[in-house]
Protein chains: 2
Amino acid sequence: MRITAIEEYGLRCLVALARLGPDEQASITEIAEMEGLSVAYTSKLLSILRKKGLVTAIRGRGGGFTIALPLNQISLYDVLVALGGPLIDPHHCEKRSGQLEQCVHLKSCSVQDVLGGLAGYIQEFLTDTSLQDIAFGLPSGFIQRAKNQIIIANTALKKELQNVNEGDSGA
Amino acid sequence: MRITAIEEYGLRCLVALARLGPDEQASITEIAEMEGLSVAYTSKLLSILRKKGLVTAIRGRGGGFTIALPLNQISLYDVLVALGGPLIDPHHCEKRSGQLEQCVHLKSCSVQDVLGGLAGYIQEFLTDTSLQDIAFGLPSGFIQRAKNQIIIANTALKKELQNVNEGDSGA
DNA sequence: AATATACTTTACAAATGTGTAAAGTTTTTA
DNA sequence: TAAAAACTTTACACATTTGTAAAGTATATT
């Protein structure tokens, strides 16, 4: 379960734009520079965001991009859905049916129930977090939680490495 | 942001095993049959779960797999981490640095903060949900939340299709 | 001991996701 | 109107993930 590259980089471009100040714009080249991305890739990301209505493009010389809506009206959910689609794929039961036409659990599936429940839970967080929050100050508790999470990830990695070195199961 | 195929199918195999009853075992062929998966793929999934210590393999004729721990001691977090790695990649800032050696935001990154906060939030849900819960009765509220989520996904799809038909932005 | 059952490992083909490249279109300025 | 700046589109190469195939190893039964 992970955030895709496009989701993350797309979000970063939006945050960079958000921080410019109201009605200020930036060109693809400038945004690429700010985020350390290639111009071509930034171009693709902005193109997706534009098609989804999150940014407005001004073409021609002197053009650039602006955020299309007030920052507190764009939620993290809007951004991630724009860049990566809904948390649950509506075609899920066809795509993840294994070898069969239909998933064997189609009518009653506890795995779907729990993953759907998870998606709903995640959505609460995502809709409660606006671009305004991300760009200009996260709600209290966020940052500490983030740091804890990085510690957990590092601990897991260390353990993993230990296992590998001991030739003990591992990867 | 999505659940990977291995995470979902691996979880399904575990739930299928969990439902067998205590100390009962099933062979790869049987599990594949139960879940509508190929024997080869089921084989790979069970192999991952075994290496991570979530299932025990009994080799040879009459062999099969059992869950390695009491069901209430395996959380959904354990399962997803075993199958897909930690929610945040410890190498994240190197991997997602764009064109540069280091991410431009390395020292202070609000996107990392918010995504880390999200990961911590998700982890609460995952650690609070055990294999016992999933296999034998989800906490109240889950199922309704899951259904709502599917409605949301379908609505998004319908809207998307509408846009495409109108030639209006879309994809 | 031979055979059948069943887990294990490795290699590979197909699909998806990531990122680049190049040619095209639009708008402003000189 | 020509040129420069800047967005747009399409095609493609590379990497990762997904799923399959085949050969190998272990154990129980006859």
Side-chain angles (χ1 to χ4, degrees), chain A residues 1-10 12-13 17 25-33 35-52 54-66 68 83-85 89 91-92 94-100 167 169-171, chain B residues 1-10 12-13 17 25-33 35-52 55-66 68 83-85 89 91-92 95-100 167 169-171:
Chain A
M1 196 175 157
R2 74 178 66 79
I3 298 280
T4 66
I6 286 180
E7 283 165 352
E8 176 168 344
Y9 287 133
R12 279 174 52 177
C13 290
L17 269 179
Q25 54 175 276
S27 70
I28 289 175
T29 310
E30 288 168 336
I31 297 169
E33 179 81 16
E35 291 303 319
L37 304 175
S38 76
V39 170
Y41 193 35
T42 306
S43 194
K44 178 185 243 174
L45 296 170
L46 271 296
S47 171
I48 295 169
L49 291 169
R50 179 184 56 79
K51 283 175 184 157
K52 297 296 181 175
L54 294 182
V55 300
T56 303
I58 299 121
R59 298 185 64 164
R61 187 166 177 157
F65 289 88
T66 57
L83 291 162
D89 187 331
H91 290 145
H92 183 93
E94 291 124 69
K95 283 190 187 159
R96 295 269 168 93
S97 62
Q99 294 193 307
L100 309 173
S169 76
Chain B
M1 196 176 158
R2 75 179 66 77
I3 297 281
T4 66
I6 286 181
E7 283 166 353
E8 176 168 344
Y9 287 133
R12 279 173 52 176
C13 290
L17 270 178
Q25 54 174 274
S27 70
I28 288 176
T29 312
E30 287 168 337
I31 298 169
E33 179 81 18
E35 291 302 320
L37 304 174
S38 76
V39 169
Y41 193 36
T42 306
S43 194
K44 177 184 244 175
L45 296 170
L46 271 296
S47 170
I48 294 169
L49 292 169
R50 179 184 58 76
K51 284 176 183 157
K52 298 295 181 176
V55 300
T56 303
I58 299 122
R59 298 185 64 161
R61 185 165 178 159
F65 290 87
T66 58
L83 291 162
D89 186 331
H91 290 146
H92 183 92
K95 282 188 187 161
R96 296 267 170 94
S97 62
Q99 294 194 307
L100 310 173
S169 76

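Computed from heavy atoms alone, side chains included, the values below leave out hydrogens, waters and symmetry copies. Letters A, B, ... mirror the listed sequences (proteins, then strands); counts begin at 1. Please read all numbers here as calculations on a predicted model, not as lab measurements.
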Exercise. Which residues satisfy the side-chain contact (heavy atoms from CB on, under 4.5 Å) test with B:Glu7, sequence neighbours excluded?
Worked result: A:Met1, B:Ile3, B:Thr4, B:Leu80, B:Leu83
Exercise. Rounded to the Å, how far apart are B:Ile28 CD1 and C:dT9 C1'?
Worked result: 12 Å
Exercise. Rounded to whole angstroms, how far apart are CG on A:Leu45 and C1' on D:dT9?
Worked result: 15 Å
Exercise. What nucleic acid atoms does A:Leu46 come within less than 4.0 Å of, heavy atoms only: base, sugar-phosphate, or nothing?
Worked result: nothing
Exercise. Could you state the CZ-P distance from A:Arg50 to D:dA6, rounded to the nearest angstrom?
Worked result: 17 Å
Problem set entry | CD-CD distance between B:Gln99 and A:Glu35, expressed to the nearest 0.5 angstrom | 12.5 Å
Seminar exercise, completed: Sequence neighbours excluded, the answer for salt bridge (charged side-chain N to carboxylate O under 4.0 Å, His left out) partners of B:Glu8 is A:Arg96
For this session: Take atom CD of A:Gln25 and atom P of C:dT27, then tell me their distance rounded to the nearest Å.
Result: 14 Å
Could you list the protein-to-nucleotides 1-5 of chain C atom pairs, N/O on both sides, closer than 3.5 Å?
{"unit_1": "C:dT5", "atom_1": "O2", "unit_2": "B:Arg61", "atom_2": "N", "d": "3.2"}

Problem set entry | Validation row: B:Leu37, B:Cys13 side chains within 4.5 angstrom (heavy atoms) | yes
For this session: Mind calculating the distance between CD (B:Glu33) and C1' (C:dA6) to the nearest angstrom?
Result: 16 Å
Seminar exercise, completed: Contacts of A:Ser27 meeting side-chain contact (heavy atoms from CB on, under 4.5 Å) (sequence neighbours excluded), chain-then-number -> A:Thr29, A:Glu30
For this session: Using whole Å, report how far CG of B:Leu49 lies from C1' of C:dC7.
Result: 14 Å
Exercise. What's the shortest heavy-atom distance between B:Leu17 and B:Phe65, and which atoms?
Worked result: CD2-O, 3.4 Å
Which atom pairs, one a donor and one an acceptor, fall under 3.5 Å between side chains of residues 38-46 of chain A and the rest of the protein, sequence neighbours left out?
{"unit_1": "A:Ser38", "atom_1": "OG", "unit_2": "A:Tyr41", "atom_2": "N", "d": "3.0"}
{"unit_1": "A:Thr42", "atom_1": "OG1", "unit_2": "A:Ser38", "atom_2": "O", "d": "2.7"}

Exercise. What is the per-nucleotide protein-contact pattern of nucleotides 14-24 of chain C, from the 5' end, where B denotes a base atom under 4.0 Å from a protein heavy atom, S denotes such proximity for sugar-phosphate atoms only, and - denotes neither?
Worked result: ---SSBBB--B
For this session: Identify, with sequence neighbours excluded, every residue that meets side-chain contact (heavy atoms from CB on, under 4.5 Å) alongside A:Ile58.
Result: A:Gln25, A:Thr66
